[in-house]
Amino acid sequence: MTAAQGTSRLLVVCRAVGWLLGLFVAIAFLLLLWAGQRTVAGEQRRSDVTAGAFIARVKACRRQSPGPPPSWNACERRVRANL
């Protein structure tokens, strides 16, 4: 085998390793995007549930008061104080 053939073979191997590493980086990036999207979606669902529960507590505060219902702001402050 001549020096040119050895160099050529080394370049082919290096090129293949480079493409393989590039493929691994691309796959890792896609997995990171997928995991990030799932995390954001989960946090959004959790936020929606928490906001819905908070609003339900404020509405319950307004309904449970004898006499005229207190203002939304007053009930909101009362619910926040109890959290």
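Residues take their numbers from the sequence shown, with the count starting at 1.
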Applying side chain to side chain contact (heavy atoms under 4.5 Å, CB included), name anything that partners S71, two or more places apart in sequence or on another chain.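 Only N73, A74 meet the side chain to side chain contact (heavy atoms under 4.5 Å, CB included) criterion with S71.
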With sequence neighbours excluded, what pairs up with I27 under the side chain to side chain contact (heavy atoms under 4.5 Å, CB included) test?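 In terms of side chain to side chain contact (heavy atoms under 4.5 Å, CB included), with neighbours along the sequence ignored, I27 is linked to L23, L31.
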Donor-acceptor pairs under 3.5 Å, side chain of residues 41-56 to any protein atom, not counting sequence neighbours: which ones?
residue	atom	partner	partner atom	Å
E43	OE1	R46	NH1	3.3
E43	OE2	R46	NH1	2.6
Q44	NE2	D48	OD1	3.1
T50	OG1	R46	O	2.9

Sequence neighbours excluded, every pair satisfying salt bridge (charged side-chain N to carboxylate O under 4.0 Å, His left out) that has a member inside residues 20-35: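 Sorted pair list comes back empty.
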Give me each pair satisfying salt bridge (charged side-chain N to carboxylate O under 4.0 Å, His left out) with a member in residues 49-62, each pair once, sequence neighbours excluded.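 Non-adjacent pairs meeting salt bridge (charged side-chain N to carboxylate O under 4.0 Å, His left out): zero.
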Please list, chain by chain and in numerical order, all residues satisfying salt bridge (Lys or Arg N to Asp or Glu O under 4.0 Å) with R80, sequence neighbours excluded.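 R80 satisfies salt bridge (Lys or Arg N to Asp or Glu O under 4.0 Å) with E76 only.
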Could you state whether L21 and V13 fall into the same hydrophobic cluster, counting links through intermediate Ile, Leu, Val, Met, Phe, Trp or Tyr residues with side-chain heavy atoms under 4.5 angstrom apart?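 Linked within one cluster.
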Quick one: which residue pairs count as a disulfide (SG to SG under 2.5 Å) with a foot in residues 25-83, not counting sequence neighbours?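 Of all non-adjacent pairs touching residues 25-83, those that pass disulfide (SG to SG under 2.5 Å) are C61-C75.
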Got a sec, which pairs hit disulfide (SG to SG under 2.5 Å) with one end in residues 12-59, sequence neighbours left out?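 Sorted pair list comes back empty.
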Do any pairs count as a side chain to side chain donor-acceptor pair (under 3.5 Å) and have a residue in residues 15-36, sequence neighbours left out, and if so which ones?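 For residues 15-36: none.
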